[in-house]
Amino acid sequence: KAVNKIQQTGYRINRKMFDSVSLMDYLEKVPKLKPKGSSKARHTRNVNSIKSKNRDVSMIMSLAAEYLSEEELFFVMYADFRGRDYYRQEYLSPQGRDLSKAMLEFDKGYKLTNAKAVKWMKINLANLGGQDGLTYAGRVKWVDKNTRAIRTLVNNPKMSSKLLKAADKPWQFLAACFDYVGWLDDKENHKSHLPNGMDGVSGLNQPPIVLL
């Protein structure tokens, strides 16, 4: 029942992300020469790792282009012997690489109707930006302090951006930046289609968090 419930969740390609990434040099350059102090074996492993990553990223973009016009996408899941759920699709899925997750958004969006929703939107944005070591209040302040830089990034996405370089998950961070600026520009009507990632909390006495 849990697997079937999750499979009913609809997604779509995040068009803003697709258009932006398509204009960026998203493939990592493969070094031709072995760096000084590095062994031949280590250099070979590094080259192979970069090629593997570039192959995956190219496949993600190719699949995103194929499904760009679809209004709804659904992913097949399965549960392993431990009861853990996984998507069967390779490359483009909600469990894929950073770019894969950033390229997907929920097909249904919701307005941020209260201060708590806005707070968690900012916390999630800061987390993706590599600021998860701050307190929750500190993360909110970090977003407020960097709003101008975030808007600049959204208006002209670049791999060389300081914010992207510092981010733990740069592609998901960029997607969250688009979402945040979209809300800033139209707070009454903006609908967020992005997930708000949270770690599981042990204990049964934790109060529920209502985001919407």
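Using a 4.5 Å cut-off between side-chain heavy atoms of Ile, Leu, Val, Met, Phe, Trp and Tyr, with links allowed through other members, Leu27 and Leu99 fall into the same hydrophobic cluster. Phe173 and Met24 fall within the same hydrophobic cluster, defined by Ile, Leu, Val, Met, Phe, Trp and Tyr side-chain heavy atoms under 4.5 Å apart, directly or through other members. Tyr180 and Leu194 are assigned to two separate hydrophobic clusters, defined by single-linkage of ILVMFWY side chains at heavy-atom distances under 4.5 Å. Hydrophobic clustering (ILVMFWY, side-chain heavy atoms < 4.5 Å, transitive): Leu68 and Tyr26 are in one cluster. Grouping the Ile, Leu, Val, Met, Phe, Trp and Tyr side chains by contacts below 4.5 angstrom, directly or via other members, places Met159 apart from Leu23.
For the residue pair Asp179 / His190, a side-chain donor-acceptor distance below 3.5 Å is found, with atom types taken as modelled.
With salt bridges taken as basic N to acidic carboxylate O contacts below 4.0 Å, none links Glu71 and Arg12. Between Lys111 and Asp186, none of the side-chain N atoms (NZ, or NE/NH1/NH2) sits under 4.0 Å from a carboxylate O, so this pair counts as no salt bridge. With salt bridges taken as basic N to acidic carboxylate O contacts below 4.0 Å, one links Arg97 and Asp56. Between Asp144 and Lys122 there is a salt bridge, with a side-chain nitrogen of the basic residue lying less than 4.0 Å from a carboxylate oxygen of the acidic one.
When every heavy atom of Pro31 is checked against every heavy atom of Asn46, the shortest pair comes out as CG-ND2, 3.9 Å. In plain terms, the two heavy atoms of Arg139 and Asp132 that are nearest each other are NH2-O, 3.3 Å. Of all the heavy atoms in Gln89 and Leu92, the pair that sits closest is CB-O, 3.9 Å. Contact between Leu125 and Ala176 at its shortest, heavy atoms only, is CD1-CB, 3.5 Å.
Stacking of Lys145 on the aromatic ring of Trp142 is not recorded, the 6.0 Å distance cut-off and the 45° axial limit not both being met.
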**OP:** Kindly indicate, with the supporting measurements, whether the criterion side chain to side chain contact (heavy atoms under 4.5 Å, CB included) is fulfilled by Arg151 and Asp185.
**Re:** CA-CA 10 Å; Arg151 187 180 289 278; Asp185 291 343; 3.0 Å; yes
Subject >> Check against side-chain hydrogen bond (donor to acceptor under 3.5 Å, both in side chains), Asp98 and Gln172 >> reply: CA-CA 6 Å; Asp98 178 37; Gln172 291 178 75; 2.9 Å; yes
Subject >> Steps toward side-chain hydrogen bond (donor to acceptor under 3.5 Å, both in side chains) verdict (Asn127, Asn124) >> reply: CA-CA 5 Å; Asn127 288 342; Asn124 183 60; 5.0 Å; no
Original post:
Does the side chain to side chain contact (heavy atoms under 4.5 Å, CB included) test come out yes or no for Val3 and Tyr78, once each step is laid out?
Top reply: CA-CA 7 Å; Val3 167; Tyr78 70 96; 6.0 Å; no
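Judged by distance alone, with hydrogens and angles left aside, the side-chain atoms of Ser22 form a donor-acceptor pair with the main-chain N or O of Phe18 at under 3.5 Å. Put simply, the side chain of Gln7 never gets that close to the backbone of Val76: no donor and acceptor are under 3.5 Å apart. Judged by distance alone, with hydrogens and angles left aside, the side-chain atoms of Ser161 form no donor-acceptor pair with the main-chain N or O of Pro157 at under 3.5 Å. Of the possible donor and acceptor atoms, one in the side chain of Ser100 sits under 3.5 Å from a partner among the backbone N and O of Tyr91. Of the possible donor and acceptor atoms, none in the side chain of Ser38 sits under 3.5 Å from a partner among the backbone N and O of Lys34.
Taking the six-membered ring wherever Trp is involved, the centroid distance between the rings of Tyr11 and Phe74 does not fall below 6.0 Å. In this structure, Tyr136 has its ring center under 6.0 Å from that of Trp120.
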